[in-house]
Amino acid sequence: AFMQELRGVSYLEEQIRNQFQLQHVIVVPGDSDELSWGKQEMGKACVRYLNDILSTDDTIAVTGGGTIAEVANMMSPLEKAENCLFVPARGGLGENVENQANNICAKMAQKANGDYRLLYVPDPLSEEAYQTIIEEPAVKEVLQLIKSANVIIHGIGDAITMAKRRKTPADVMKKIEEGKAVGEAYGYYFNEEGKIVHKVRTVGIQLEDIQQANCVIAVAGGKSKAQAVASYFKQAQCHVLITDEGAAKELIKGS
Ligand code: G3H
């Protein structure tokens with residue numbers, strides 16, 4: 001039965017890799033919608049993968065969310081990659097502190113024996129404040145580090161779940177609903193075809209940066225996130241997906 005399980009998972013990995021033209025896919029057993037330890041398993045798998053690919057002096061940008069928080073929880077000293085620098089990919093996006101990129105980034109760096117820089121910016125921001133803040137030398141320096149990151153690790157969320165969790169104002173909520181957004185990643189909301197329905201104005205990584213990055217790792221699982229993951233892949237380039245069986249089985253149904 002165990003061998004059958006293993007074959008099952010590697011079949012899913014291969015299918016998804018081909019379907020979405022990814023470089024690498026890891027599927028962990030179970031469905032994190034139902035299992036309390038599902039996100040931890042994806043976190044562990046992500047840490048193992050990072051241990052394989054990271055080199056000394058690499059810069060890693062990380063987003064927020066409960067899944068990436070589990071990557072931080074599972075992090076251990078990076079033996080082969082000394083002196084790594086962790087930066088938050090984007091601002092807080094209106095999340096509670098435990099789900100904010102700054103907090104997760106600092107924790108990940110400490111556990112990895114690495115270094116970190118933080119983004120001290122309030123957000124979401126007005127256009128005027130945004131333009132002023134991105135010119136601040138301290139912010140500029142971190143933004144440059146973010147844009148030069150070798151590896152980007154991010155979560156993907158169900159659009160409505162994310163908008164509600166971030167206490168999105170009513171007018172924006174309406175835009176997200178009327179635009180039929182189904183997926184969300186680093187503050188961008190996507191519809192089923194992958195079109196951008198809304199984007200939260202905050203400093204940090206923009207979709208253009210993602211399109212140019214060398215190694216983008218998405219970590220997202222649970223059957224309820226399958227549609228979100230598929231919508232995101234229609235728009236953004238991503239190299240690696242770390243997911244679970246719950247999302248994976250649903251993802252290949254659409255092929
Ligand atoms: O952008 C997506 C969210 O950060 C995902 O959050 O990992 O808590 O579901 P989550």
Side-chain angles (χ1 to χ4, degrees), residues 26 28 30-47 60-75 87-105 107-108 119 123-124 146 152-168 172-173 176 181-191 194 196-207 209-210 213 216-236 238 240-244 246-248 250-251:
I26 301 171
V28 303
D31 183 335
S32 45
D33 284 345
E34 283 151 29
L35 303 165
S36 55
W37 42 264
K39 284 183 176 173
Q40 288 174 24
E41 287 303 311
M42 289 187 283
K44 265 189 228 165
C46 186
V47 169
I60 303 110
V62 299
T63 68
T67 314
I68 308 303
E70 287 298 345
V71 178
N73 280 339
M74 295 300 152
M75 185 55 81
V87 289
R90 291 201 92 194
L93 300 169
E95 295 265 22
N96 289 337
V97 71
E98 64 273 20
N99 276 327
Q100 287 181 14
N102 261 346
N103 189 23
I104 292 168
C105 158
K107 187 170 190 181
M108 214 183 273
L119 268 172
D123 71 317
I146 294 171
I152 298 167
I153 309 169
H154 71 83
I156 302 172
D158 166 72
I160 303 301
T161 309
M162 294 313 301
K164 283 188 182 152
R165 188 168 92 190
R166 291 169 178 165
K167 298 170 192 70
T168 305
V172 178
M173 198 73 204
I176 290 170
V182 294
E184 187 278 345
Y186 36 86
Y188 286 74
Y189 289 83
F190 307 95
N191 72 9
I196 299 163
V197 171
H198 176 68
K199 170 190 168 188
V200 183
R201 195 189 297 106
T202 177
V203 294
I205 266 174
Q206 311 293 323
L207 195 59
D209 305 320
I210 296 276
V216 182
I217 305 172
V219 193
K223 191 178 174 187
S224 65
K225 281 194 186 180
Q227 206 188 6
V229 172
S231 77
Y232 172 74
F233 285 157
K234 291 215 168 123
Q235 171 69 242
C238 187
V240 179
L241 173 67
I242 300 176
T243 188
D244 62 18
E250 202 63 20
L251 277 169

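All ligand and atom numbering here is 1-based and tracks the order in the structure.
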Participant: For atom 2 (C) of ligand 1, which candidate among Glu70, Glu98, Glu184 holds the nearest heavy atom?
Facilitator: Glu184
Participant: If we only consider heavy atoms of His154, is any one of them less than 4.0 Å away from an atom in ligand 1?
Facilitator: no
Participant: Looking at every non-hydrogen atom in both residues, tell me the closest pair between Ala185 and Gly155 and how far apart they are.
Facilitator: CB-O, 3.8 Å
Participant: Out of curiosity, Leu241 CG to Ile156 CD1, how far, rounded to the nearest 0.5 Å?
Facilitator: 6.5 Å
Participant: Check Glu184 with Arg165, please: is the shortest side-chain N to carboxylate O separation under 4.0 Å?
Facilitator: no
Participant: Please report the shortest heavy-atom distance between Thr243 and Ala220, naming the atom on each side.
Facilitator: OG1-O, 2.7 Å
Participant: If you count the atoms of ligand 1 from 1 in the order shown, which ones are under 4.0 Å from a heavy atom of Gly64?
Facilitator: 4 (O)
Participant: Not counting sequence neighbours, which residues clear side-chain contact (heavy atoms from CB on, under 4.5 Å) with Thr63? List them please.
Facilitator: Ile68, Ala89, His154, Tyr186
Participant: Taking the six-membered ring for Trp, are Tyr189 and His198 parallel (under 30°), tilted (30 to 60°) or perpendicular (over 60°)?
Facilitator: tilted
Participant: Numbering the atoms of ligand 1 from 1, which are under 4.0 Å from a heavy atom of Lys225?
Facilitator: 5 (C), 7 (O), 9 (O), 10 (P)
Participant: Below 4.0 angstrom from a heavy atom of Gly157, which ligand 1 atoms are there? Numbered from 1 as shown, please.
Facilitator: 2 (C)
Participant: Please classify the Asn99 to ligand 1 contact at 4.0 Å (heavy-atom distances, strictly less than): side chain, backbone, both or neither.
Facilitator: neither
Participant: Establish, from distance only, whether the side-chain atoms of Gln206 and Asp209 form a donor-acceptor pair under 3.5 Å.
Facilitator: no
Participant: Of all the non-hydrogen atoms in the protein, which one sits nearest to atom 6 (O) of ligand 1, and at what distance?
Facilitator: Arg165 NH2, 3.3 Å
Participant: Using heavy-atom distances, let me know which of Val71, Thr63, Thr67 sits nearest atom 7 (O) of ligand 1.
Facilitator: Thr67
Participant: Is any N or O atom of Gly66, backbone or side chain, closer than 3.5 Å to an N or O atom of ligand 1?
Facilitator: yes
Participant: I need the nearest protein heavy-atom contact for atom 3 (C) of ligand 1: residue, atom name and distance, please.
Facilitator: Met162 CE, 3.5 Å
Participant: If you measure every N/O of Glu95 against every N/O of ligand 1, is any gap under 3.5 Å?
Facilitator: no
Participant: Donor-acceptor pair, distance only, cut-off 3.5 Å: does the side chain of Lys167 make one with the backbone of Gly94?
Facilitator: no
